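Owing to the predicted nature of the structure, the values given are computational and were not obtained by experimental measurement. For the single chain, residues carry numbers from 1 onward in sequence order.
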Amino acid sequence: MQFAYTAKSRTGERIQGILAADNPQQVYQALREKGLFATAVRESSAKAAAKPAGRRGGRKITRKDLQALTSQLAIMTKAGIDVAGALGTLARQCPNLALRRVLEDVHNEVMGGKAVSVALRAHVGVFGPAYVASVAAGEAAGQLPDVLDRLAKMQRTELRMRSIRRSLLAYPIVLTTVSLLVILGLMFFVLPQFAEVFDQFEMKLPAITEFLLWISHELRSRWWLWIALAAAGAAGIKAFRRSENGRRWWDRRMLEMGLVGDVTRTLLAGRAFRLL
């Protein structure tokens, strides 16, 4: 049987490949012997080739969905319900179709005799490597309900921080948007009127004024080109952000950027210690 895997080396390099094995456990063992940490292992077949992580039909799986799932799973396991039963109940009641399918897959794997962490590892794109590793540590220590409870609290804290960050950025974003609209209004409607006045008096204009008039003329005469270029640039930036190199570049900038870097390093250090 062929298994497609995604793993990371000790240096953090992302590696993908295919291994022949009887079951996923043999793949994990073979990768560990090579000094690699498996982040995802699944059957290499048309059935297993799948839709993108985080969107398996239905709306996207959000952080809020995962936080609610973890909280409910922690409460149910602390109440004495076995993990397989809790996963089955949550899968039946989950309103998010994409997350429900993921939970059904995990539930079926657990009912088949696999550990929860092994079942979650097949959906590491949804849960994240840190989440899966924490669940594996909880299983090994026999403290899975406590680990789930801590994960839920950590996710709740992260959601609260994201909400605060969005609130703080709301005013600058609105101000920037309004300023941009005002500038575009000047370029499209006001400057052309001034250009006609200057032409009537045949005045020699300063270089900056001529440059602004040229920009105004370009925007009005070939607006379709600049809109297309802006859309292509936005799409390119988005694709770069989603790539491995793009994420590394962005994370490095966030760690090195003045006051933002200080706050980011503090938050990430706190998160790392909570995970440990």
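- Considering NZ of Lys114 and CZ of Arg121, their distance stands at 10.5 Å, rounded to 0.5 Å.
- With sequence neighbours left out, the side chain to side chain contact (heavy atoms under 4.5 Å, CB included) criterion links Gln155 to Leu66, Gln67, Thr70, Tyr131.
- Scanning all heavy atoms of the two residues, the minimum distance from His107 to Gly88 falls at CD2-N, 3.4 Å.
- Residues Arg252 and Leu255 fail the side-chain proximity criterion, which asks for heavy atoms closer than 4.5 Å.
- Using modelled atom types, no side-chain atom of Ser216 and backbone atom of Leu212 make a donor-acceptor pair closer than 3.5 Å.
- Using a 4.5 Å cut-off on side-chain heavy atoms (C-beta onward), Leu103 and Leu69 make contact.
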>> Quick one, Glu104 with Arg100, criterion salt bridge (charged side-chain N to carboxylate O under 4.0 Å, His left out). Give me CA distance, side-chain angles, the key distance, then yes/no.
In response: CA-CA 6 Å; Glu104 288 173 350; Arg100 183 192 306 170; 5.2 Å; no

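- Residues Leu225 and Leu219 are members of one and the same hydrophobic cluster, defined by side-chain heavy-atom contacts under 4.5 angstrom among Ile, Leu, Val, Met, Phe, Trp and Tyr.
- Residue Arg253 qualifies as enclosed at atom CZ: its count of foreign heavy atoms under 6.0 Å is above 12.
- Crowding of Arg150 atom CZ: a count of heavy atoms from other residues, nucleotides or ligands under 6.0 Å not exceeding 12.
- Within the model, atoms CE of Met161 and CZ of Arg165 stand 7.5 Å from one another, a figure rounded to the nearest 0.5 Å.
- At distances below 3.5 Å, not a single donor-acceptor pair connects side-chain atoms of Asp251 with backbone N or O atoms of Arg248.
- Annotation: side chain of Trp214 is not in contact with side chain of Glu210 (no heavy-atom distance under 4.5 Å).
- Linking ILVMFWY residues whenever their side-chain heavy atoms come closer than 4.5 Å, directly or via other members, leaves Ile61 and Leu159 in distinct clusters.
- Proximity of Leu229 to Trp226: side-chain heavy atoms (C-beta onward) are separated by under 4.5 Å at one or more points.
- Asp149 places no side-chain N or O within donor-acceptor distance of the main-chain N or O of Pro145, the cut-off being under 3.5 Å.
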Do any side-chain atoms of residues 167-191 form donor-acceptor pairs under 3.5 angstrom with protein atoms, and if so which ones, sequence neighbours left out?
from, atom 1, to, atom 2, distance (Å)
Ser167, OG, Ser163, O, 3.0
Thr176, OG1, Pro172, O, 2.7
Thr177, OG1, Ile173, O, 2.8
Ser179, OG, Leu175, O, 2.8

> What do the steps show when you test Met76 against Val83 for side chain to side chain contact (heavy atoms under 4.5 Å, CB included), and what is the final call?
Replying inline: CA-CA 8 Å; Met76 296 175 76; Val83 182; over 6 Å; no

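- The NZ atom of Lys238 lies 11.0 Å from the CZ atom of Arg241; values are rounded to the nearest 0.5 Å.
- Separation of atoms CG (Leu90) and CD (Gln72) is listed at 5.5 Å; rounding is to 0.5 Å.
- Formation of a donor-acceptor pair under 3.5 Å by the Ser71 side chain with backbone atoms of Ala68 is not found in this model.
- A donor-acceptor pair under 3.5 Å is absent between the side-chain atoms of Glu109 and the main chain of Val118, judged by distance alone.
- Checking side-chain atoms of Arg247 against main-chain N and O of Arg242 turns up a donor-acceptor pair under 3.5 Å.
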I'd like a table of donor-acceptor pairs (distance under 3.5 Å, sequence neighbours excluded) in which one partner is a side-chain atom from residues 266-276, with atom names and distances.
from, atom 1, to, atom 2, distance (Å)
Thr266, OG1, Asp262, O, 2.9
Arg271, NE, Glu158, OE2, 2.5

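- Side-chain heavy atoms closer than 4.5 Å link hydrophobic residues (I, L, V, M, F, W, Y) into clusters, and following such links, possibly through other members, connects Met257 to Phe240.
- How far CG of Leu148 is from CG of Leu73: 5.0 Å, rounded to the nearest 0.5 Å.
- Across all their heavy atoms, Ala84 and Met111 have their closest contact at CB-SD, 3.6 Å.
- Placement of Leu87 and Ile75 in two distinct hydrophobic clusters is found when ILVMFWY residues are connected by side-chain heavy-atom separations under 4.5 Å, directly or transitively.
- Put simply, CZ on Arg101 and NE2 on His123 are 12.5 Å apart, with the number rounded to the nearest 0.5 Å.
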